[in-house]
Protein chains: 2
Amino acid sequence: MDSGVAMNNLYGTLNELLVKLFNDILQIEEQALKCDEFQDLSISEIHVLEAIGLEGSRNMSSVARDLNITIGTLTIAINNLLRKGYVMRQRSEEDRRIVLISLTDKGQEAFQHHADFHDEMINTTISRLSEEEKKVLVSALENISNYFKDKYNLKRSKAKTEKTN
Amino acid sequence: MDSGVAMNNLYGTLNELLVKLFNDILQIEEQALKCDEFQDLSISEIHVLEAIGLEGSRNMSSVARDLNITIGTLTIAINNLLRKGYVMRQRSEEDRRIVLISLTDKGQEAFQHHADFHDEMINTTISRLSEEEKKVLVSALENISNYFKDKYNLKRSKAKTEKTN
DNA sequence: GATATTATTTTGAGAATCAAACTATTGGAT
DNA sequence: ATCCAATAGTTTGATTCTCAAAATAATATC
């Protein structure tokens, strides 16, 4: 609520920092993407590539579920990624209703590029923190995460290996 | 999810936590919004209300800059918020080119509702940390934030020290 | 074989966004 | 004073992301 009590500026500081970091990361992800050879990919599209993953083919439904978008939305995204040469689409032989999608070589490169960005961001962050800071940071983030999970019952995207088919 | 956090696997833990938190926060913000009386507000629109703020009027340019959107985009958002009764719009008397926008009572209530969500999130996090840990967390986040700001030259949205309430 | 179920695509619509063209106002320079 | 450049916003046209609902196609069930 309105937290009228004392409220040393720790609260304000922390709130500001988190909001700032959140905005920053969104911007950075966007920026890190656009600067390179994969300029024709949007953030959403990168997330689709991420969800498809490097290992083999996945069907539309499971990928859409992981991304928390409808299959219709995914169909459109895949159409575009297909046109740009990042993914392949083929029908399953066993069950011809099912559409299997997978990354092309180009798609795998884009995937890797994005993964590298994540790596660098995390590694650089870690390297700048003391051992104690690392512990506290992880513990604080776990706290927030658990609090969220309890309080709102979230649909978590891809928590498991998702081979239930 | 192990809370033991072997430090050698810190990278994976942190990466996972961040990705998870990101998805969560987006979903929760949406959800926390929709559940209540302000169902006709989107996340983007709430962010506009946030940027306008409780204190007096602001002009279009500065709000757009804070939100990292074009003035044209903001014009459209303001048109809708006006129609729904969340904001007021009037031209400045001193310089009639300038349009001043501010929150109506209803807009202020929506602002506060969103601020409460933030409050609760932060307070819950803080309350589980010791004094020492609080300091460490702030310092760690500041460290990361500054690194980002330096490395990518980010357009920062409103870093003003404002108190919620 | 008829019907129900499943997997996906298509269609129609609505936000959010941008760039570029346009309007209105102000501030200088002559 | 008048004309021109700069500034502040709005409008327009287009694109992307999204959903819900209708349509299509394949499989499963009875």
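Every chain is numbered from 1, with letters handed out A, B, ... down the list of sequences. In this text the structure is predicted, and so the values were computed from the model without any measurement.
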Can you check the [X] [atom1] to [N] [atom2] distance for me, whole Å?
{"X": "B:Arg58", "N": "D:dA8", "atom1": "CZ", "atom2": "P", "result": "14 Å"}
{"X": "B:Leu82", "N": "D:dT10", "atom1": "CG", "atom2": "P", "result": "10 Å"}
{"X": "A:Arg89", "N": "C:dT8", "atom1": "CZ", "atom2": "P", "result": "11 Å"}
{"X": "B:Ile78", "N": "C:dT17", "atom1": "CD1", "atom2": "P", "result": "12 Å"}
{"X": "B:Ile98", "N": "D:dA6", "atom1": "CD1", "atom2": "C1'", "result": "13 Å"}
{"X": "B:Met60", "N": "C:dT25", "atom1": "CE", "atom2": "P", "result": "17 Å"}
{"X": "B:Leu74", "N": "C:dC18", "atom1": "CG", "atom2": "C1'", "result": "14 Å"}
{"X": "B:Gln90", "N": "D:dG9", "atom1": "CD", "atom2": "P", "result": "13 Å"}

(request) Look at the aromatic rings of B:His114 and B:Phe117 and report parallel, tilted or perpendicular, splitting at 30° and 60°. (result)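 Rings of B:His114 and B:Phe117: tilted, 30 to 60°.
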Listed by chain and number, what are the side chain to side chain donor-acceptor pair (under 3.5 Å) partners of [X], not counting sequence neighbours?
{"X": "A:Arg128", "answer": "B:Asn143"}
{"X": "A:Thr73", "answer": "A:Thr70"}
{"X": "A:Gln112", "answer": "A:Asp116"}

Quick one: side chains of residues 81-89 of chain B, donor-acceptor pairs under 3.5 Å with protein atoms, not counting sequence neighbours, listed by atom name and distance.
residue: B:Arg83; atom: NH2; partner: B:Asn80; partner atom: OD1; Å: 2.9
residue: B:Lys84; atom: NZ; partner: B:Asp40; partner atom: O; Å: 2.6
residue: B:Lys84; atom: NZ; partner: B:Glu45; partner atom: OE1; Å: 2.9
residue: B:Lys84; atom: NZ; partner: B:Glu45; partner atom: OE2; Å: 3.0
residue: B:Tyr86; atom: OH; partner: B:Asp40; partner atom: OD1; Å: 2.6
residue: B:Arg89; atom: NH1; partner: B:Asn79; partner atom: OD1; Å: 3.3
residue: B:Arg89; atom: NH2; partner: B:Asn79; partner atom: OD1; Å: 2.6

(request) Identify, with sequence neighbours excluded, every residue that meets ring-ring contact (aromatic ring centres under 6.0 Å, His included) alongside A:His47. (result) none
(message) For a quick check, with a 4.0 angstrom heavy-atom cut-off, what is the B/S/- contact string for nucleotides 11-30 of chain D, read 5' to 3'?
(response) B-----SBBS-----BS---
(message) Does C:dT6 have OP1 or OP2 under 4.0 Å away from a side-chain N or O of A:Ser61?
(response)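 Negative; the distance criterion is not met.
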